[in-house]
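The structure displayed is predicted, hence computed values, not measured ones.
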Amino acid sequence: MGFNLRADRVALLASLLFWLGGGTAVAAPDTPQIDGAAILEKNCARCHAIGMTGDSTHKEAPPFREIVMRYPPENLEESLAEGIVSGHADMPEFTFSSEEVSAIVGYLNDLKAQVTGK
């Protein structure tokens, strides 16, 4: 009778995890959800319209519903993480954490889907 060391280790690990977890799956700690729309509201809404309706308050700041049609939201990830310095002439520089970038891009993708109906 032979043994498979890898399979034995996997079985041992599975048994150990089952025993430590009391026979139930061990859930990861809750992580707070980051709201991309709220981040944009806080940082960008003073100049840009960030939703499906409304005008931007700054004449050189396009509404985000137009921006998402010009640029795929994923293409903005690097700029959001490293600092957006383009835009209208008096636009402040923003940098966001990777979690915030993911939330913003998620919101922008949702906005694009609303604009395009897809």
Side-chain angles (χ1 to χ4, degrees):
M1 178 173 175
F3 69 93
N4 181 330
L5 186 58
R6 185 167 189 227
D8 290 343
R9 285 184 180 171
V10 170
L12 178 62
L13 180 59
S15 296
L16 181 61
L17 290 173
F18 182 83
W19 182 77
L20 289 174
T24 60
V26 178
D30 289 334
T31 53
Q33 288 286 33
I34 299 174
D35 184 354
I39 295 168
L40 296 178
E41 180 71 36
K42 177 183 173 188
N43 293 285
C44 308
R46 66 178 172 249
C47 295
H48 294 269
I50 63 167
M52 282 295 294
T53 61
D55 296 326
S56 294
T57 58
H58 191 294
K59 66 178 181 164
E60 293 180 36
F64 279 24
R65 64 185 174 274
E66 292 177 13
I67 293 172
V68 297
M69 299 308 295
R70 294 182 201 167
Y71 310 100
E74 292 76 17
N75 289 0
L76 300 172
E77 287 177 342
E78 186 176 340
S79 295
L80 290 167
E82 293 182 3
I84 295 179
V85 292
S86 59
H88 48 86
D90 54 348
M91 181 172 160
E93 182 177 346
F94 293 103
T95 57
F96 300 99
S97 71
S98 60
E99 293 84 8
E100 290 171 323
V101 169
S102 293
I104 292 168
V105 169
Y107 171 75
L108 294 176
N109 277 321
D110 290 346
L111 183 62
K112 185 173 183 175
Q114 290 178 43
V115 170
T116 63
K118 295 181 184 179

Side-chain donor or acceptor of Y107 paired with backbone N/O of I50 under 3.5 Å:
yes

Taking the side chain as everything from C-beta on, heavy atoms only, tell me whether T116 gets closer than 4.5 Å to V68. no

Note: V105 and P73 closest approach over all heavy atoms is CG2-O, 3.7 Å

Heavy-atom closest pair (C47 atom, A61 atom, distance to 0.1 Å) is O-CB, 3.5 Å

Closest non-hydrogen atoms of K112 and M69, given as atom of the first, atom of the second and distance, are CG-SD, 4.2 Å

In this structure, OG of S102 is separated from CD of E77 (nearest 0.5 Å) by 6.5 Å

Would a distance-only check, ignoring hydrogens and angles, find a side-chain to backbone donor-acceptor pair under 3.5 Å from R46 to T57?
no

*Between H48 and P63, is there a donor-acceptor pair closer than 3.5 Å when you use the side chain of the first and the backbone of the second?*
no

Here the pair of heavy atoms bringing R70 nearest to P62 is NH2-CB, 3.7 Å

L76 side chain reached by I104 side chain, heavy atoms, under 4.5 Å: no

To the nearest 0.5 Å, atom CD1 of I67 lies from atom SG of C44 at 8.5 Å

What do you reckon, is CD of E78 surrounded by more than 12 foreign heavy atoms closer than 6.0 Å? no

Does S56 reach the main-chain N or O of A49 with its side chain, forming a donor-acceptor pair under 3.5 Å? yes

Between T95 and G83 the two heavy atoms that sit nearest each other are CG2-CA, 3.4 Å

Is the shortest side-chain heavy-atom distance between F96 and N43 below 4.5 Å?
yes

Open item on the list: Has H58 got a side-chain atom pairing as donor or acceptor with E60's backbone, closer than 3.5 angstrom?
Closed with: yes

Between E41 and A45, the two heavy atoms sitting closest are O-CB, 3.3 Å

Non-hydrogen side-chain atoms of V115 and E66 separated by less than 4.5 Å
no

Value for CD (E99) from CD1 (I34), rounded to nearest 0.5 Å, stands at 5.5 Å

